[in-house]
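Quick notes on the structure that follows.
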Amino acid sequence: MDMRIVLIPGDGIGEEVMRSAVQVLDAVQKRRRLNFQYECALLGGCAIDAAGVPLPDETLHQCLDAEIILFGAAGGPKWDHVSPEKRPERALAKLRKEMDLFANLRPVRGRKALAPILPVKNRLIGDGIDLLIVRELTGGLYYGEPRGISTENGETRGYNTMVYTKAEVERVARTAFELAKERSGRLTSIDKANMLETSRLWRETTTQLADEYPDVKLDHLLIDAAALSLISHPSRFDVLVTGNIFGDILSDEAGALAGSLGMLPSASFGSGRGALYEPVHGTAPDIAGQDKANPIAMILSAAMMLRRSFGLRAEARAIEEAVDQALEDGYRTIDIAQKGMKTCGTQEMTDAILQRM
Ligand code: NAD
């Protein structure tokens with residue numbers, strides 16, 4: 001099997017947590033005698049420094065060619081002053097668009113071991129929170145045209161356009177139905193159908209698609225009610241599917257249920273083999289270069305890659321169980337530590353996970 005992987009560490013803690021993920025992947029390939037072919041590429045601030053642009057053509061071609069990408073994070077104060085079209089975040093948005101990665105999967109687990117630092121009450125956590133957010137990633141308000149800021153008759157206005165085609169809704173909803181089938185068979189579609197035409201189309205399309213998935217129970221929720229339920233009654237959800245802006249906000253809210261941004265992995269898919277795996281967090285300039293970053297989100301992103309792109313289910317499970325075990329054995333980076341608890345650094349957490357694999 002082709003096991004080419006483009007590694008893009010990016011900036012700040014991106015480089016540190018990527019080192020951890022590669023150590024974990026190396027342990028898997030040694031044990032299973034696999035042969036991952038790593039290729040390194042630049043994206044973000046480091047690419048601006050080296051090549052003058054945040055997404056060099058070479059990186060884009062490497063990604064389109066190899067198809068499987070493991071990414072750290074990009075950006076930081078050093079590049080805050082660059083013009084908007086050159087910002088590191090734009091590079092990532094362009095890469096997702098060029099690869100047509102329309103479905104972003106964000107699994108959220110609230111582990112019992114971390115219950116003391118979670119914002120929800122113990123009784124709501126039960127045996128643990130386990131849900132999956134599927135966010136549409138290449139359409140909606142963030143990409144719709146026209147957009148801009150203009151002045152007419154002395155009045156300046158800013159405007160954006162929320163637009164979805166039926167085909168765009170259908171393809172991401174299909175991904176969510178398939179995932180719900182793999183899990184508990186429950187899918188909640190989230191929209192604002194009482195106010196927005198795009199949401200009415202969203203609801204109509206997901207409802208029609210449900211006929212093709214008799215073993216999935218679909219329900220609908222308005223975004224405002226969903227935001228409340230997520231924090232007040234998280235076990236109500238299993239798989240959630242929603243548009244770009246609603247998914248952006250809900251998945252950060254759900255991040256609180258996992259204890260820290262450093263615990264949240266993600267994966268983005270299109271209709272072909274192409275996939276991008278990355279932690280949800282950014283470059284954390286406040287702790288970069290200090291061996292303080294939590295490597296778990298990055299390591300779990302690598303586990304998602306093994307499962308979904310290479311079919312290595314047992315290996316992915318072994319990594320996830322090793323993470324759970326390290327947490328149960330009391331290893332804590334600063335972002336997930338209770339007050340007064342002993343903390344460990346990035347490398348110590350990585351070693352604890354490696355030992356338990
Ligand atoms: P951030 O996610 O980098 O950090 C937010 C807070 O969470 C910080 O206090 C940070 O220390 C902490 N944190 C994040 N990840 C952590 C980890 N793995 N372990 C321990 N603590 C962690 O978000 P921000 O501060 O808003 O952004 C910083 C930079 O990252 C900005 O330049 C932003 O544009 C960029 N960014 C990039 C991505 C991406 O590349 N996908 C995503 C978000 C932000």
Side-chain angles (χ1 to χ4, degrees), residues 7-21 24 41-49 54-55 59 63 69-97 99 101 104-106 114 117 119 135 137-138 142 244 247-249 251-256 258-268 276-302 323 326-327 331-338 341 343-350 352-353:
L7 302 177
I8 308 183
D11 309 309
I13 64 165
E15 292 178 59
E16 299 164 57
V17 294
M18 181 63 83
R19 266 198 298 277
S20 300
V24 167
L42 293 176
L43 182 150
C46 56
I48 296 177
D49 290 350
L55 178 61
T59 298
C63 293
I69 298 141
L70 193 60
F71 171 63
K78 184 178 171 196
W79 304 281
D80 277 351
H81 62 279
V82 300
S83 55
E85 68 287 354
K86 271 198 169 181
R87 285 188 65 92
E89 298 85 343
R90 285 286 178 98
L92 190 55
K94 183 167 179 217
L95 179 61
R96 289 166 173 160
K97 192 79 180 166
M99 293 184 71
L101 302 174
N104 178 228
L105 276 55
R106 294 187 168 189
L114 297 184
I117 64 154
R135 165 188 169 194
L137 201 59
T138 52
Y142 293 168
N244 207 342
D248 191 6
I249 297 165
S251 53
D252 264 31
E253 183 191 352
S260 160
L261 279 172
M263 297 294 298
L264 289 175
S266 86
S268 302
L276 175 94
Y277 299 88
E278 57 174 320
V280 169
H281 63 72
T283 56
D286 51 337
I287 56 166
Q290 301 171 42
D291 189 44
K292 285 183 177 169
N294 183 349
I296 291 179
M298 184 81 235
I299 289 173
L300 292 177
S301 302
V323 165
L327 292 170
Y331 285 86
R332 296 285 186 276
T333 42
I334 42 160
D335 55 316
I336 50 171
Q338 269 170 278
M341 217 174 168
T343 59
C344 66
T346 311
Q347 190 56 53
E348 196 181 343
M349 179 62 100
T350 308
I353 293 165

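In each ligand, atom 1 is the first atom listed, and ligand 1 is the first ligand listed. In this chain, residues are counted from 1 in sequence order. Remember, it's a predicted structure, so these values are computed and weren't measured experimentally.
- Summary of contacts: the protein heavy atom closest to atom 5 (C) of ligand 1 is Leu261 CD1, 4.0 Å.
- A heavy-atom distance below 4.5 Å is found between the side chains of Asp248 and Tyr142.
- Taking all heavy atoms of Gly255, Ser20, Ala74, Ala93 into account, the minimum distance to atom 37 (C) of ligand 1 is reached by Ala74.
- With hydrogens and angles ignored, the 3.5 Å screen pairs a side-chain donor or acceptor of Ser266 with a backbone N or O of Glu278.
- In the vicinity of Ile13, heavy-atom distances shorter than 4.0 Å reach the ligand 1 atoms 15 (N), 16 (C), 17 (C), 18 (N).
- Shown in contact with Gly75 at under 4.0 Å from a heavy atom are these atoms of ligand 1, numbered in order with element: 32 (O).
- Atom 28 (C) of ligand 1 has its closest protein heavy atom at Pro285 CD, 3.5 Å.
- In this structure, the side chains of Met263 and Thr333 stay at 4.5 Å or more apart for every pair of heavy atoms.
- Between Arg106 and Leu264 there is no side-chain heavy-atom pair separated by less than 4.5 Å.
- Looking only at side-chain heavy atoms (C-beta outward), Ser20 and Met298 stay at 4.5 Å or farther from each other.
- Closer than 4.0 Å to atom 24 (P) of ligand 1 lies none of the heavy atoms of the protein.
- Taking any N or O of Glu89, backbone or side chain, at least one lies under 3.5 Å from an N or O belonging to ligand 1.
- Looking at Lys78 and Asp11, no side-chain N of the basic residue comes within less than 4.0 Å of a carboxylate O on the acidic one, giving no salt bridge.
- The local environment of NZ in Lys86 is sparse, with at most 12 non-hydrogen atoms from other residues, nucleotides or ligands closer than 6.0 Å.
- Residue nearest to atom 21 (N) of ligand 1, selected from Leu43, Ile287, Asp80, Ile296: Ile287 (by heavy-atom distance).
- For atom 29 (C) of ligand 1, the candidate residues are Thr333, Asp335, Thr283; the nearest heavy-atom contact is made by Thr283.
- The closest heavy-atom contact to atom 13 (N) of ligand 1, among the options Pro77, Ala91, Gly72, Ala284, comes from Ala284.
- Side chains of Arg332 and Ile117 form no contact here, defined as non-hydrogen atoms less than 4.5 Å apart.
- Side-chain contact between Leu261 and Asp335: absent, with no pair of heavy atoms (C-beta onward) separated by less than 4.5 Å.
- The shortest contact between atom 14 (C) of ligand 1 and any protein heavy atom is with His281 CB, 3.7 Å.
- At least one heavy atom of Asp286 sits less than 4.0 Å from an atom of ligand 1.
- When each atom of ligand 1 is checked for a heavy atom of Gly262 under 4.0 Å away, the hits are 17 (C), 18 (N).
- Within ligand 1, counting atoms from 1 as listed, the ones closer than 4.0 Å to a heavy atom of Phe71 are 40 (O).
- With a 4.0 Å cut-off on non-hydrogen atoms, Met298 does not touch ligand 1 at all.
- In this structure, of Val280, Asn294, Ile334, Leu92, the residue bringing a heavy atom nearest to atom 19 (N) of ligand 1 is Asn294.
- Rounding to the nearest 0.5 Å gives a distance of 8.0 Å between OG of Ser268 and CG of Leu92.
- Nearest protein heavy-atom neighbour of atom 32 (O) of ligand 1: Gly76 N, 2.9 Å.
- Put simply, the side chain of His281 does not reach to within 4.5 Å of the side chain of Asn294, judged on heavy atoms.
- Atoms of ligand 1 found under 4.0 Å from any heavy atom of Ala73 (numbered from 1 in listed order, with element): 40 (O).
- Between atom 2 (O) of ligand 1 and the options Gly44, Ala293, Gly282, the minimum heavy-atom separation is to Gly282.
- One finds the OG1 atom of Thr343 at 10.0 Å from the CE atom of Met349 (value rounded to the nearest 0.5 Å).
- Using a 4.0 angstrom heavy-atom cutoff, Ala297 does not count as in contact with ligand 1.
- Contact between Trp79 and ligand 1 is absent, with no heavy atom of the residue lying under 4.0 Å from the ligand.
- Nearest heavy-atom pair, Arg135 versus Asn244, reported as atom, atom and distance to 0.1 Å: NH2-OD1, 2.8 Å.
- Distances shorter than 4.0 angstrom occur between a heavy atom of Glu278 and an atom of ligand 1.
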